[in-house]
> 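What follows is a structure written as structure tokens; I'll ask about it next.
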Amino acid sequence: MVPSPSTYRGRLAPSPTGLLHLGHARTFWIAAERARRAGGKLFLRNDDLDAIRFRLDFVAAMLEDLRWLGFVWEEPMVSQSEHRALYRAALEKLHASGLIYPCTRSRRDVIEAAGAPHEGGANDEPVYPPQFRPPAGAPLPPLGEKITVNWRIRVPDGETLAFNDGGLGPQQAVAGRDFGDFLVWRKDDVPSYQLACVVDDAAMDITEVVRGADLVKSTFRQLLLFRALGHATPEFHHCPLMLDDRGERLAKRHDALSLRAMRESGLTPAEIIRGFAHS
Ligand code: GLU
């Protein structure tokens, strides 16, 4: 009997805002292994919406580093900057459903009103103060063609969101307590990461999202967006973050652990990947 083709579809989704480092490589290696073992497809998505930090030379470096390590993906690469129309359509859908509202509060207003940092700490944004919300059912202003104000989605306070993570096991969070109303579109007319990511994972029919554990909190937000937009939810597999010798997570500032620097120091892809297989 001919085996039926696998329906597994995974993706690597780097942001071209710096050089890829060892931590990215390990997460991507896990993603690629999971796609390979499932006999599925792996896509490369270039998360290039951050116009301030995005640099074209980082896109080229990212492609070169990924190829050097031996990653193979379905061509062509998908770039988020080409998907604006899809994101805008999703925003309009959220607007029509009355789930979002314009927010003119500054980051500072939010931090001051939110008070003590909640669990999730400095790595996550404070819970948006509910007193800043417009009253439920208040008429919504139109979106307008060019967006000049932040738009947030109202989260269902008190609802527990749960998923079974392929790497970390059962996860849950309570909306309005562990995270609050979050941005779907920014006042500089750019979709938020949360919105763009959900729209693309749905449009690309991704069946499993493999990414770093720093994005677990984002996953709860994204579950709400999948639901609000009427999309099926993929599986999630978050990978533990790689720490440096001081116990801090690797960041783009760790230049010595960039794949570029490791290659220049004479390390081979096989040596790097052997380390992942044993980690
Ligand atoms: N581009 C995002 C990042 O580098 C990851 C997005 C994702 O995997 O969902 O943090």
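Whatever order the structure lists them in is the order used to number ligands and atoms, beginning at 1.
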> For this output row, return yes or no: ring centroids of F179 and Y128 closer than 6.0 angstrom.
no

> Taking the side chain as every heavy atom from C-beta outward, state whether R154 and I100 have any pair of such atoms under 4.5 Å apart.
no

> Between E271 and T268, is there a side-chain donor-acceptor contact under 3.5 Å, judged purely by atom types and distance?
yes

> Counting only nitrogen or oxygen atoms and a 3.5 angstrom limit, does A13 reach ligand 1?
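N/O-N/O distance under 3.5 Å: yes.
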
> Within a distance under 4.0 Å of any heavy atom of Y193, pick out the atoms of ligand 1 and give their elements.
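This gives 6 (C), 7 (C), 9 (O) as the contact atoms.
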
> For C197, counting its heavy atoms only, list the atoms of ligand 1 lying under 4.0 Å from any of them.
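Counting atoms of ligand 1 from 1, those under 4.0 Å from C197 are 9 (O).
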
> For ligand 1, does S15 get within less than 4.0 Å through its side chain, its backbone, both, or neither, judged by non-hydrogen atoms?
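Both of them.
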
> As an exercise, identify every atom of ligand 1 less than 4.0 angstrom from a heavy atom of R211.
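Those qualifying, in numeric order: 7 (C), 8 (O), 9 (O).
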
> I'd like to know whether ligand 1 has R11 as a neighbour, heavy-atom separation below 4.0 Å.
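Contact check R11 vs ligand 1: positive.
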
> So, S218 and Q194: side-chain donor and acceptor under 3.5 Å apart, yes or no?
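Judged by distance alone, the side chains do pair up.
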
> Do NZ/NE/NH1/NH2 and the carboxylate oxygens of E33 and R37 come within less than 4.0 Å?
yes

